[in-house]
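Read through the structure below, which is laid out as structure tokens, and then see the notes.
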Amino acid sequence: MTDKAPAIEIVSFPVEGMTCASCVNRITRFVRAVDGVEDVNVNLATDSATVRFDRQRAGVPALAAAVEAAGYVARVDHIADDATTPSIEPSYQERHLADLRWRIVLATALTVPLLFGLARMTVAPFLPAVLADPWLQLALATPVQFIAGSVFYRSALNALRHRTTDMDTLVAVGTTAAYGYSLVAVLFPRFFAAAGIGVDGAPPLYFDTAATIVTLILVGRYLEAQARSRTSDAIRSLVALAPRTARVVRAGMEADIPLAEVVVADRVIVRPGEHIPVDGIVLEGRSAVDESMVTGESMPVDKAPGDEVIGGTMNSSGSFEFRASRVGAETVLARIVHLVQEAQASRAPIQRLADAVTGVFVPAVLAIAAITFVVWLVAGPTPSFNFALLNAIAVLIIACPCALGLATPTSVMVGTGKGAENGVLFRSAEALERLHEVDVVVFDKTGTLTEGRPRVTDVVPVAGVDADELLRLAASAERGSEHPVGEAIVRAARERGIEPAAPDAFEAIAGSGVRASVDGQQIRVGRSETAGADAEALKGPGERMAAAGNTPVVVSIDGAPVGLIGVADTIRIGSRSAVAELRRRGIEVVMLTGDEDVTARAIARSAGIDEILAGVRPAEKAAEIRRLRSDGRVVAMVGIAMGGGTDIAIESAAVTLMGGDPQGVVTAVALSKATMRNIRQNLFWAFAYNAALIPLAAGVLYPVTGWLLDPIVAAAAMALSSVTVVTNALRLRGFEPPAAAGEPGTAVLRTA
Ligand code: ADP
Ligand code: MG
């Protein structure tokens, strides 16, 4: 027996032929049934499927076969080996639109004369009588029904073959009922006359109804498909940020080469006004770069030799040369695009509701239509057959759940894209959904509320050591430290021309300090308990530093405290207003820090926070979050990714803010709320609206108010509902990140 470990793989590929939520359900069921498949997400907004499966047990051909068996086309020739949207395939969209276009032209050309015929019989008797001729009507309606409308039959028959139903089943059954009845009435007029249907032996015809339904639904689909392609605009514009070529110096020669040919270590030239082609480090020259498109940071960022530049951002008026450090799929921009596509291909928890409803919806509607027919036939007024037929058709048409499948994914598409435009990257649709319920935002102080680049402000020696020696010893001990406090001490020493010595031994104590052996002495730097006993002489200056919001760092030699170094981290400009804005939205703000209480309190005060968790060790931070969460509150933790946002340690975070501005937290929460509101509206339009109209269509109100729903009106409403949903999702594109709250004490800059 071979017992292989599972090899989990994720693939995405385009799926052609989906029209509604039922298609999504069906494909999901078929693919999930394949042995070895762990998870499937079929996305109607992107016409694609993303599958997680065990490569030992299933393969791409088996997945494709399952999709085909469900009656759709799996384009595994366009496969993406990860959970991203497979390269959006314009050709499929184009073909789909072109196909709908000729159908609409044909259907409209034939339906308009049919409607004139209807007018001739009702409101405009002056029109030529030939328009109302039954044979002409038959001739006009037939191509609409079977040529323009063949899409509905194809999909309904496909579903039938698998003993299921989809929304096209409803359209096909509804229009076939109207057309079929009219056909019988034309061919055998006496058949219905004998049953007492019609006036003067001429039963009414519903060719116009059938044809109009087909036309309207085709038009609705066309508008929907067009709008749908716009939901991925944000991704397209992100991709378009990278220029097509780069000016590179190789062997002393400058040449414009295609972007794909740029390699790491290439020397790249950027001229004024150009987009930067790839990521890199500035070698020569100076400029300011507009990074807003990638980080959301609105102010241009100055670049000098040694600074990092990001591909896709725009150079201002200077020019410079840089060394390419990341190219191709490794660039920040490529990884952002990847991440957003991954989020767009994922399923939001709220969609489960829609999925559950669709599963039972179509069969339920067929049953309601049948009941409507029978009740009207038995108990309705004369001509009861006609009432029964039209009302049953109205029920079938009004209840199509086509918009249900689009409600969630279209909003998620637009919402995540909008996030990326504003430097807010959602890891998944679930992250986007979860954030809107957030009750508490916890800021891990260093680097979020503060700049995270502390400076040494005071050096206070005691016990006979002089200030420079104190700094030299501390800096030597901190040489290997990666903690911002340690780096600040080393920098301060170098700025004063003091070169730290190389320690013989070095140990970092997380959340506390360092221990090192320098020149044969045991040096400790850090919080008082790291550095040894509290010295009476250090109390006063220590308390003063703390009260000012600075961190007092104790230095000791062989266990004896010899001085204090004050380290200050400046509050970020946007902190106070971001905190105020979050609180204004009813969100509790907590500051979490390893700093001691007094220092923490001083910093919190200047950020406008009154709830703090101070002196928390790195290892305890997670436990503190769990504790906040324990009473059912949703807690978001804002921390800094080491190396800044551009070094994408973001794969692990639910939401990543590309810029350092804490206002990004407000933007993320606001966007999540806006997206969820949008999804709820969509679900309402897609579902409640159709479902609410079912009783009206069934004629429940007829005995009381005399109201009925004409099948043509039902078709118009139905076509509108999916267009409404997609258009509503597109409204999210107008989302504006909330402006920083202007409150007393905050400078608000205005330009005239
Ligand atoms: P923060 O919440 O500021 O990220 P940490 O948990 O990283 O805090 O550190 C907590 C405290 O421990 C710091 O405020 C500082 O007083 C001390 N500390 C940590 N590392 C060092 C170091 N390398 N040198 C000096 N002090 C340190
Ligand atoms: Mg820290």
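Whatever order the structure lists them in is the order used to number ligands and atoms, beginning at 1.
Atom 12 (O) of ligand 1 has its nearest heavy-atom neighbour, among G615, G511, G486, G594, in G511.
Between E469 and R472, at least one side-chain N (NZ, or NE/NH1/NH2) sits under 4.0 Å from a carboxylate O, which counts as a salt bridge. The pair E581-R585 meets the salt-bridge criterion, since a charged nitrogen lies less than 4.0 angstrom from a carboxylate oxygen. By the 4.0 Å N-to-carboxylate-O rule, R52 lies too far from D39 to be salt-bridged with it.
N678 and S411 are linked by a side-chain donor-acceptor pair at a separation below 3.5 angstrom, with hydrogens and angles left out of the test. In this model, no donor atom of one side chain and acceptor atom of the other lie less than 3.5 Å apart for E451 and T570.
The ligand atoms of ligand 1 that sit less than 4.0 angstrom from a heavy atom of K621 are 2 (O), 4 (O). Counting atoms of ligand 1 from 1 in the listed order, those under 4.0 Å from a heavy atom of S481 are 23 (N). Applying the 4.0 Å criterion to heavy atoms of D595 picks out, from ligand 1, the atoms 13 (C), 14 (O). Taking every heavy atom of K445 and a limit of under 4.0 angstrom, the matching atoms of ligand 1 come to 3 (O). Applying the 4.0 Å criterion to heavy atoms of G526 picks out, from ligand 1, the atoms 25 (C), 26 (N). Counting the atoms of ligand 1 from 1 in the order shown, those under 4.0 Å from a heavy atom of V485 are 24 (N), 25 (C), 26 (N). The ligand atoms of ligand 1 that sit less than 4.0 angstrom from a heavy atom of R527 are 11 (C), 12 (O), 16 (O), 17 (C). Those atoms of ligand 1 that come under 4.0 Å of a heavy atom in V514, given as number and element, are 23 (N).
Where the criterion is an N or O separation shorter than 3.5 Å, residue side chain and backbone included, H483 meets it with respect to ligand 1.
Partner of L592 under the side chain to side chain contact (heavy atoms under 4.5 Å, CB included) criterion, chosen from V442, T446, L628, I612: V442.
Heavy-atom minimum distance, S575 versus I571: CB-CG2, 3.9 Å.
Scanning for side-chain hydrogen bond (donor to acceptor under 3.5 Å, both in side chains) contacts around E284 gives R267, with sequence neighbours left out.
Heavy atoms of A508 found under 4.0 angstrom from ligand 1: none, in either backbone or side chain. No part of R617 comes within 4.0 Å of ligand 1, judged by heavy-atom distances.
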